[in-house]
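Notes follow once the structure below has been shown.
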Amino acid sequence: MHNHQVLKSMHRARFNAEPALFVAPGRVNLIGEHTDYAEGFVMPAAIDFATLAAISPRADGKIALYSENYGEERHFDVSAVPTMKASKHWTDYPLGVVSILAGEGHAIPGFSLSLWGDVPLGSGLSSSAALEVATALAVLSVIKASYPGPQLARLCQRAENEFVGSSCGIMDQFISANGKKDHAMLLDCRDLSFKLAPIPPHVALVIANTMVKHSVVGGDYPTRRAEVEAACAVIASHRPGVSFLRDATVDDLEQWGSEMSHESLKRARHVITENLRTVAFAAALEKGDMNEVGRLMAEAHTSYSQDFEGSCMEADAMVELAQELPGLIGARLTGGGFGGCTINLVEQSQAKAFAQALGALYAGQFGIVPQIHICHASDGARALS
Ligand code: GLA
């Protein structure tokens, strides 16, 4: 049902009110993994999987949240917003956004919000960012306020960090809010400056879901982030100017790596080299040097898998199996890690055959039928008419 007219009719029938409609996309990251919270570089694209939001005001002081995906409607009192806490439920994401907006001084009115999305959950394609950004646009429309895209992304990241309790960086919310059709984005996570890079028309984005799920809340993501930050603290004790690994070099690791835990040293090596690869990848894509693009993706995957230990057997196999197939430019695990999806850049003319063959090989090896999607880089969040 990637159709906002359907969501509109459902909202009308459920809440007896005419809604305004908004969409926010998920994303795929081409390269630059676990670099965002080190103030480094990332290169994602918004994709044509998205969350749709339909919103209408209500006069009874309630917030009604309905998710078509969960088939569930919940009600909350507007007066309770200032003291709300996360409850490990899907409503945490929209309520987190409302809570951050309230904290910014906006008076929150009652409203009914219907949500539906097709971003596969927990697969590294940022379903939560899409949900947050769609909610933010919808709620802002009711309170008649707006923010420029970068600030909108920051507010949604804060909803996730401060309310939901996940220590994610800025990448997902930023690309969901600011993506551009047919483009990837080189984002500098230090100052949020960015450069849009056209994806050449002969290149297809083939996203292969290992069907193995990961979770960013709790678990391995915060552990990795802490290891990265511990490595940075060691370097900073010698070079006080280094407050994030963005400023560190491979030489720093050679000099002071022995003072770090074995894990921290490896994680830091991934982050430092990944930043260099991401900038080099953007330059290679701009030049149309697809050999270099592919080489950097392969190197990035090895680094993510071996130094960062953010991959898993299924994702490594998905990347490995792709290497044999005609049309491949480059493949790597995308997103937060520990499962989820690989991104394959593939010659457009061979993308369908590639997707079929990869699916068959993976199913043959694991007995799991993967979902493989040929995606397109899409525009960022916006109102729909
Ligand atoms: C998740 C987080 C992002 C980023 C990636 C890893 O998607 O939400 O902020 O850290 O993992 O690159």
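We use all heavy atoms of the structure for the numbers below, so side chains are in, but hydrogens, waters and symmetry mates are not. All ligand and atom numbering here is 1-based and tracks the order in the structure. Throughout, residue positions are numbered sequentially from 1 according to the sequence presented.
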### Query
Relative to each other, are the rings of Tyr221 and Tyr37 parallel, tilted or perpendicular (30° and 60° limits)?
perpendicular
### Query
Angle class for the Phe174/Phe194 ring planes (parallel below 30°, perpendicular above 60°, tilted otherwise)?
perpendicular
Using atom types as modelled, flag every donor-acceptor pair under 3.5 Å from a side chain in residues 230-251 to any protein atom, sequence neighbours excluded.
unit_1 : atom_1 : unit_2 : atom_2 : d
Ser237 : OG     : Val234 : O      : 2.6
His238 : ND1    : Trp256 : NE1    : 3.4
His238 : NE2    : Glu259 : OE1    : 2.9
His238 : NE2    : Glu259 : OE2    : 3.1
Arg239 : NE     : Asp252 : OD1    : 3.2
Arg239 : NH2    : Asp247 : O      : 3.2
Arg239 : NH2    : Asp252 : OD2    : 2.7
Arg246 : NH1    : Glu39  : O      : 2.8
Arg246 : NH1    : Asp188 : OD1    : 2.8
Arg246 : NH2    : Asp188 : OD2    : 3.2
Asp247 : OD1    : Arg190 : NH1    : 2.8
Asp247 : OD2    : Arg190 : NH2    : 2.9
Thr249 : OG1    : Asp251 : N      : 3.3
Thr249 : OG1    : Asp252 : N      : 3.1
Thr249 : OG1    : Asp252 : OD2    : 3.4

### Lys/Arg-Asp/Glu bridge criterion (N-O < 4.0 Å) met for Arg267, Glu263
no
Atoms of ligand 1 less than 4.0 Å from [X] heavy atoms?
X	answer
Asp36	3 (C), 4 (C), 9 (O), 10 (O)
Met171	4 (C), 5 (C), 12 (O)
Arg27	7 (O)
Tyr221	1 (C), 2 (C), 3 (C), 4 (C), 9 (O), 10 (O), 11 (O)
Cys168	2 (C), 8 (O), 9 (O)

Check: [X] N/O within less than 3.5 Å of ligand 1 N/O:
X	value
Gly169	yes
His34	yes
Glu33	yes

### Query
Should the heavy atoms of other residues, nucleotides or ligands under 6.0 Å from CG of Asp60 be counted, would the total exceed 12?
yes
#### Entry: Shortest non-hydrogen separation from Val369 to Met211 and the atoms involved
O-CG, 3.6 Å
